[in-house]
Protein chains: 2
Amino acid sequence: MGTERRSRGTHEAALTIRDVAERAEVSVATVSRVLAGNYPVAAKTRQRVMRAVRELNYVVNTHARALAGVRTETVAFVLNDVRGPSFSAAAYGVEREANQRGRLCLICTTEGDQERELAFMQLMREQQASAVILIGGVRDDEQYRERYTEIAQGLHAVGSRLVLCGRPSLGADVPATTVEYDNEGGAYAITTNLLANGHRRILYLGGMLEHTTSVGRLLGYHRALADFGVAPDPTLIEHGEFTRVSGYERTRAWLQQGAGRFTAIFAETDMVAAGALAALEDAGVRVPDDISLVGYDDIELASDLRPRLTTVHVPYEELGRTAVRLAIDLKEGRSREGDQHVVLGTHVVVRQSVARLHH
Amino acid sequence: MGTERRSRGTHEAALTIRDVAERAEVSVATVSRVLAGNYPVAAKTRQRVMRAVRELNYVVNTHARALAGVRTETVAFVLNDVRGPSFSAAAYGVEREANQRGRLCLICTTEGDQERELAFMQLMREQQASAVILIGGVRDDEQYRERYTEIAQGLHAVGSRLVLCGRPSLGADVPATTVEYDNEGGAYAITTNLLANGHRRILYLGGMLEHTTSVGRLLGYHRALADFGVAPDPTLIEHGEFTRVSGYERTRAWLQQGAGRFTAIFAETDMVAAGALAALEDAGVRVPDDISLVGYDDIELASDLRPRLTTVHVPYEELGRTAVRLAIDLKEGRSREGDQHVVLGTHVVVRQSVARLHH
DNA sequence: AATGTAACAGCAACCGGTTACATTGTCAGA
DNA sequence: TCTGACAATGTAACCGGTTGCTGTTACATT
């Protein structure tokens, strides 16, 4: 006896609940109960156990505990890139909310690679994560949807709940809870602001339409034009990447070829606006005196630019927090999958990049 | 028979390896072997098993697997706030490198609360994470160190390896691997740049000295002054937060009370520099004509500011990647704890915020 | 003193995999 | 045809916890 319980490999023998039980001279069941805390144990016994735990510096093994049916709650989330100012704010919200509610947080960045996203979801199935939060747009095609559906169903089967942020729920086979901010409303409001300042020809530097974000913002732009009785000029609408360079390049091209055709620019993202601003600056065009410029997102940079950028504030952190809350509600049965579709409000932040246009 | 294996609670019966075995008409051992892939199994059998796996949409249960001795490798990392431009780059590096090496990534943000950090480390013990990476400074005191030591030893005992980024290893009881970038060298180089441009009275907007970062940068500043035979003026050295507002407030105070006492500002962080710049701008002070300004970190914002900020480039992403690599080396026994102390290089990026001073 | 009851502690059966060891099957060589 | 060697598969003992059920003890009640 004594050397009996040694693990097989070259590893050090792990410290187990049995060691604690032995030291405290109680059964493993009692140790477990003391640690769980939801079962009556005599104060004296409890103290003895706690003392042994402390002296041995013991902690439970999550895996064993999970196997026995007590899961450590875990929230996993997937996004493109933590470095983006808006996404990082969403990530922050997710992490904080999860943490505050005693959940662990798993993260995965995909750089737009949907394959990676699916692989991660699969991993989360293996891990029995309690929630998986997907942030950002999807490119949806036949093959993708099939695999997505299968994996999502698998997730559901192990008790993982899925929440989508800024992306549509894909088909009725996978009813998902979604959180979105009001893209249309924000775009409507800021376009209205430009229109009210006399602008009629507004260059629209948009994103790809696979993002619901872009669809929504463009919609708001159109609705505002319609409300002001302005016929939209489709040639003034562009689709491209959500990056600074894209904003720079597209603006430069327009300044060379289409100068004079517009008096304002609506960049679908502050990042794009930053690029546009740089291009305008480089071309000697004054903002807002010659051209007005607005963005979307209200990232920190917006108020660092000169002129400070008029833009639409988006509650990214709140987005992340809400996603976690919804996931937990789902998990705990307070709502059903597919029932909840939250839309968070946005509002215009007026700064200095829009000028009143005098005809 | 049939309803035999139902889990006790209200949950759905989980899909297990036994279901697969039954369907493929083989033993569970064979299924396990097929899935592991490192043991000879007849092609026909393998196909039968794979088919069953696919048809049932089965995935292994990580917890069961971990309990049986096969750990899913997991890298956990802790930082202040994912939203900061430098930290988010480090986080990105950690996540990417971990992901590329097939590791899962757990994240925790602390907002400077060391209690949270310790709690998370404890959790990582329970989770048997293969590596824990701590990013950013520590406030070290008797009580903290004691708890830290205990937890760190616990981590070690379950096989978790600890890597510290930008923080000193705390005592010989916990020999830790560290990664750091060259704070002293960068500060030396950029201070030299100011000195070479004729500046002699340089206001130093530093951070708290509990950060090794601050200590190193200040050291470089002093060494550069010494090399130019300039006696340092201790009243020109300030310690404060690494935030934009702190930069703004401190600069504003100096402009009111100590204007004329300095010709350049060395902000220990680009963020602080951004605040300083705003304060200068608000006070009608031209940069670099009236006052030169340099920062540190080379975050994206640095080239968005006007004038574009001269600063020190720090390879944050590389920092994160290196930390993961070191952790894996450690884990796989290619290096011993406490042996490795990597210092990454930094270099000055000259932009437009420094002017030559003519006496 | 006998009995009932509640509080506490222990036994042992799980949870879902992995893998050492045992068993079976196959085929070549004697 | 028999035997040995080796490949493929099965059996069952773990991994480290949790918890239903059972047994014990202490105390109150009559």
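Residue numbers start from 1 in every chain, and the chains themselves are labelled A, B, ... in the order their sequence lines are given, proteins ahead of strands. Bear in mind the structure is a predicted one, so any value in this text is a computation, not a measurement.
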Whether B:Tyr58 contacts C:dG17 is assessed here as follows: a side-chain N or O lying under 4.0 Å from the phosphate OP1 or OP2. Is that the case? yes

Kindly determine whether B:His156 and B:Glu337 satisfy side-chain hydrogen bond (donor to acceptor under 3.5 Å, both in side chains), including the steps that lead there. CA-CA 10 Å; B:His156 189 93; B:Glu337 218 121 6; 3.2 Å; yes

Please determine whether side-chain hydrogen bond (donor to acceptor under 3.5 Å, both in side chains) holds for the pair B:Thr109 and A:Glu95, giving the CA-CA distance in whole Å, both sets of side-chain angles, and the decisive distance to 0.1 Å. CA-CA 7 Å; B:Thr109 71; A:Glu95 200 281 335; 2.6 Å; yes

Using atom [atom1] of [X] as one end and atom [atom2] of [N] as the other, report the distance to the nearest whole Å.
{"X": "A:Asp19", "N": "D:dG16", "atom1": "CG", "atom2": "P", "answer": "9 Å"}
{"X": "A:Glu126", "N": "C:dG17", "atom1": "CD", "atom2": "P", "answer": "10 Å"}
{"X": "A:Lys44", "N": "D:dA26", "atom1": "NZ", "atom2": "C1'", "answer": "12 Å"}
{"X": "B:Gln128", "N": "D:dG17", "atom1": "CD", "atom2": "C1'", "answer": "11 Å"}
{"X": "A:Leu15", "N": "D:dG16", "atom1": "CG", "atom2": "P", "answer": "10 Å"}
{"X": "B:Ile17", "N": "C:dG17", "atom1": "CD1", "atom2": "C1'", "answer": "6 Å"}
{"X": "A:His63", "N": "C:dG17", "atom1": "NE2", "atom2": "C1'", "answer": "13 Å"}
{"X": "A:Arg48", "N": "C:dA9", "atom1": "CZ", "atom2": "C1'", "answer": "11 Å"}

Sorted by position of nearest nucleotide on DNA chain C, 5' first, the leading residue of B:Leu67 and B:Tyr39 is B:Leu67

Under a cut-off of 3.5 Å for both distances of each Watson-Crick or G-U pair, what dot-bracket string does DNA chain D give, using [ ] for crossing pairs and | for inter-strand pairs? ||||||||||||||||||||||||||||||

Residue pair B:Tyr148, B:Val138: steps toward the side chain to side chain contact (heavy atoms under 4.5 Å, CB included) verdict: CA-CA 11 Å; B:Tyr148 170 81; B:Val138 235; over 6 Å; no

Quick one: CG on B:Leu326 to CG on B:Asp339, what's the gap to the nearest 0.5 Å?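 That separation rounds to 11.0 Å.
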
Any idea which heavy atoms bring B:Val179 and B:Val163 closest together, and the distance?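 Taking every non-hydrogen atom into account, CG2-CG1, 3.9 Å.
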
For B:Glu73 and B:Ser130, which I'm curious about, is there any donor-acceptor pair between the side chains at under 3.5 Å? yes

B:Arg125 and A:Asn61: side-chain donor and acceptor closer than 3.5 Å? no

Please work out if A:Thr62 contacts a base, only the sugar-phosphate, or nothing of the nucleic acid, heavy-atom cut-off 4.0 Å.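 It contacts nothing in the nucleic acid.
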
Could you identify which residues of residues 23-38 of chain A place a heavy atom less than 4.0 Å from some atom of DNA chain D, listed by residue number, or say none?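 When residues 23-38 of chain A is checked for heavy atoms under 4.0 Å from DNA chain D, the hits, listed by number, are A:Ala29, A:Ser32, A:Arg33.
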
Looking at A:Arg83 and B:Glu317, does any basic side-chain N land under 4.0 Å from a carboxylate oxygen? yes

I'd like to know whether CD of B:Gln143 has more than 12 heavy-atom contacts from other residues, nucleotides or ligands below 6.0 angstrom. no

Of the options D:dG17, C:dA9, C:dG17, whose atoms approach the side-chain atoms of A:Arg18 most closely?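 Nearest nucleotide to the side chain: D:dG17.
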
